[in-house]
**Student:** 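Shown below is the structure under consideration.
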Amino acid sequence: NINWQRTPLRPLTFEEEMQRERMPVPKVSKIEWDRYSHREESFISSLFAGQHASRLRCTTCQRTSTTYEAFYSISVEIPTSGSADIYQCLQSYCKEEMLSGDEVWKCPYCKKERVATKQIILTRAPQILVVHFKRFSASKTQSARKIHTPIDFPLHGLRMDRFMISHGPPANGETANSGGALSPTTGPFIYDAYAVLRHMGSTLSGGHYISLVRDAYRGCWRRFDDERVTDFDPRDLRHADRLQNEQAYIVFYERVPAR
């Protein structure tokens with residue numbers, strides 16, 4: 001991190017935060033990314049860091065409060081039975097949800113606890129997108145148990161456009177491929193899978209992890225299981241062994257240009 005020694009920026013005042021609520025999300029997203037990068041800039045962040053906005057809306061006064069944060073992975077809920085695909089999981093992740101009961105929000109405008117809604121808005125796309133399936137479910141009375149639902153996901157051409165906020169056309173003559181890199185705010189947002197992490201077992205405290213990684217140079221996929229390494233073609237796998245089976249835990253995607 002080449003910026004870690006910089007002096008932290010002062011927190012925004014309430015008035016400044018309220019002023020930003022009146023500004024377009026894409027504009028504030030850029031301002032907040034610059035604030036984040038003031039003390040966070042590294043090779044890792046250039047690859048893995050994206051940005052989302054978490055927006056709370058008071059159901060009484062209808063005013064909002066938005067927090068912009070960098071993320072290095074997306075953790076999505078999965079159904080406990082049946083089947084689903086990654087698009088359904090991402091749709092649920094970005095869906096507006098109601099906060100009530102123990103989750104009521106103290107609205108800064110009403111100065112009271114209010115029922116509110118919360119929504120995640122993706123505002124900046126990473127070069128490497130890491131999607132984590134929440135395969136372990138726990139409650140106050142039960143220990144974590146594994147969810148074995150298979151999640152379907154494409155190995156080529158994952159389209160994230162529907163989940164990204166539109167920033168409009170590039171400004172000041174900037175192109176989507178400016179500097180040879182894909183713009184984090186200009187679509188299309190297309191990703192190809194290059195690795196899948198599997199968890200084999202039934203509990204959070206036990207089990208075995210293996211990695212399945214695409215080797216672009218050799219034109220094949222490789223299975224890394226401790227010291228055992230084998231090559232394979234996903235098209236030749238049995239249905240039960242395919243990359244999208246119930247053991248898939250984390251999927252790594254790399255952004256690619258539009259074809």
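Given the structure is predicted, the values throughout are model-derived calculations rather than measurements.
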**Student:** Would you say Gln51 and Thr123 are linked by a side-chain donor-acceptor pair, where the criterion is simply a distance under 3.5 Å?
**Tutor:**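 Looking only at side-chain atoms, Gln51 and Thr123 do form a donor-acceptor pair, the distance falling under 3.5 Å.
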**Student:** Taking all atoms of both residues into account, what is the closest heavy-atom pair of Phe153 and Ala248, and its distance?
**Tutor:** CE2-CB, 4.0 Å
**Student:** Is there a continuous path of hydrophobic side-chain contacts, each under 4.5 Å between heavy atoms, that joins Tyr68 to Trp105?
**Tutor:**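 Tyr68 does not cluster with Trp105.
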**Student:** Among Lys146, Arg135, Glu246, His208, find the one that has a side-chain hydrogen bond (donor to acceptor under 3.5 Å, both in side chains) with His199.
**Tutor:** Lys146
**Student:** Indicate the atoms forming the closest heavy-atom contact of Phe224 with Val229, along with that distance.
**Tutor:** CD2-CG2, 3.7 Å
**Student:** Given Thr117, which partner from the list Arg55, Glu96, Glu97 fulfils the side-chain hydrogen bond (donor to acceptor under 3.5 Å, both in side chains) test?
**Tutor:**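 For Thr117, the side-chain hydrogen bond (donor to acceptor under 3.5 Å, both in side chains) check succeeds only for Glu96.
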**Student:** Are Asn245 and His239 close enough that a side-chain donor and a side-chain acceptor fall under 3.5 Å?
**Tutor:** no
**Student:** On the 0 to 90° scale, with breaks at 30° and 60°, tag the Tyr194-Phe252 ring pair as parallel, tilted or perpendicular.
**Tutor:** tilted
**Student:** To check you understand the geometry: which heavy-atom pair defines the closest contact between Gly157 and Ile190, and what is its length?
**Tutor:**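 Distance-wise, the nearest heavy atoms are CA-CG2, 3.8 Å.
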**Student:** For ring pair (Phe, Tyr, Trp, His ring centres under 6.0 Å), just list the numbers for Tyr191 and His156, CA-CA rounded to whole Å, side-chain angles, deciding distance to a tenth of an Å, and then say yes or no.
**Tutor:** CA-CA 7 Å; Tyr191 289 84; His156 301 281; over 10 Å; no
**Student:** Between Lys106 and Glu113 (salt bridge meaning N to carboxylate O under 4.0 Å), is one present in this structure?
**Tutor:**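 Salt bridge flag = no for Glu113 with Lys106.
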**Student:** Please determine whether the number of non-hydrogen atoms from other residues, nucleotides or ligands lying under 6.0 Å from atom NZ of Lys30 exceeds 12.
**Tutor:** no
**Student:** Would you say CZ of Arg228 has more than 12 non-hydrogen atoms from neighbouring residues, nucleotides or ligands within 6.0 angstrom?
**Tutor:**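 Check passes, neighbour count above 12.
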**Student:** Would you check if the side chain of Asp192 reaches a backbone N or O of Glu254 as a donor-acceptor pair within less than 3.5 Å?
**Tutor:** no
**Student:** Below 4.0 angstrom, N of the basic side chain to O of the carboxylate: do Glu16 and Arg10 qualify?
**Tutor:**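 Counted as a salt bridge, because a side-chain N and a carboxylate O are separated by less than 4.0 Å.
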**Student:** Residues sharing Trp4's hydrophobic cluster, by side-chain heavy-atom contacts under 4.5 Å among ILVMFWY, directly or via others?
**Tutor:** none
**Student:** Taking the inter-plane angle between the rings of Phe71 and His52 on a 0 to 90° scale, is it parallel (under 30°), tilted (30 to 60°) or perpendicular (over 60°)?
**Tutor:** parallel
**Student:** Salt bridge check, Arg242 against Asp236: does any charged N sit closer than 4.0 Å to a carboxylate O?
**Tutor:**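 Answer for the salt bridge query: no.
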**Student:** Determine whether Ile31 and Val25 fall in the same hydrophobic cluster, where Ile, Leu, Val, Met, Phe, Trp and Tyr are linked whenever their side-chain heavy atoms lie under 4.5 Å apart.
**Tutor:**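 As far as the 4.5 Å side-chain criterion goes, Val25 and Ile31 are connected within one cluster.
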**Student:** Can a donor-acceptor pair be found between the side chains of Thr66 and Glu21 at a distance below 3.5 Å?
**Tutor:** yes
**Student:** Do the ring centers of Tyr253 and Phe189 come within less than 6.0 Å of each other?
**Tutor:**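 So the answer is no for these two rings.
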**Student:** Tyr109 vs Phe14 aromatic rings, parallel, tilted or perpendicular, using cut-offs 30° and 60°?
**Tutor:** tilted
**Student:** Please report the shortest heavy-atom distance between Pro150 and Gly82, naming the atom on each side.
**Tutor:** CD-O, 3.9 Å
**Student:** I'd like to know if Ile44 and Tyr36 are part of one continuous hydrophobic network [Ile/Leu/Val/Met/Phe/Trp/Tyr, side-chain heavy atoms within less than 4.5 Å].
**Tutor:** yes
**Student:** For residues Asp161 and Pro188, report the shortest heavy-atom separation together with the two atoms involved.
**Tutor:** OD2-CA, 3.2 Å
**Student:** Hey, is the main chain of Asp85 close enough, under 3.5 Å, to the side chain of Gln88 for a donor-acceptor pair?
**Tutor:**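 Yes, the answer is positive, given that a donor and an acceptor are paired below the 3.5 Å cut-off.
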**Student:** Check for a donor-acceptor pair, side chain of Tyr72 on one end and backbone N or O of Leu129 on the other, with a separation under 3.5 Å.
**Tutor:**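 Here the side-chain-to-backbone pair does not exist.
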**Student:** Indicate whether any N or O donor in one side chain lies under 3.5 Å from an N or O acceptor in the other, for Trp33 and Ser37.
**Tutor:**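 Per modelled atom types, Trp33 and Ser37 side chains form a pair under 3.5 Å.
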**Student:** Taking Arg222 for the side chain and Asp231 for the main chain, is one N or O donor matched with an acceptor at less than 3.5 Å?
**Tutor:**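 Absent.
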**Student:** So, Glu103 and Lys118, do they make that salt bridge, N to O below 4.0 Å?
**Tutor:** no
**Student:** So, does Arg124 use its side chain to make a donor-acceptor pair with the main chain of Pro184 at under 3.5 Å?
**Tutor:**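 Such a contact is absent between Arg124 side chain and Pro184 backbone.
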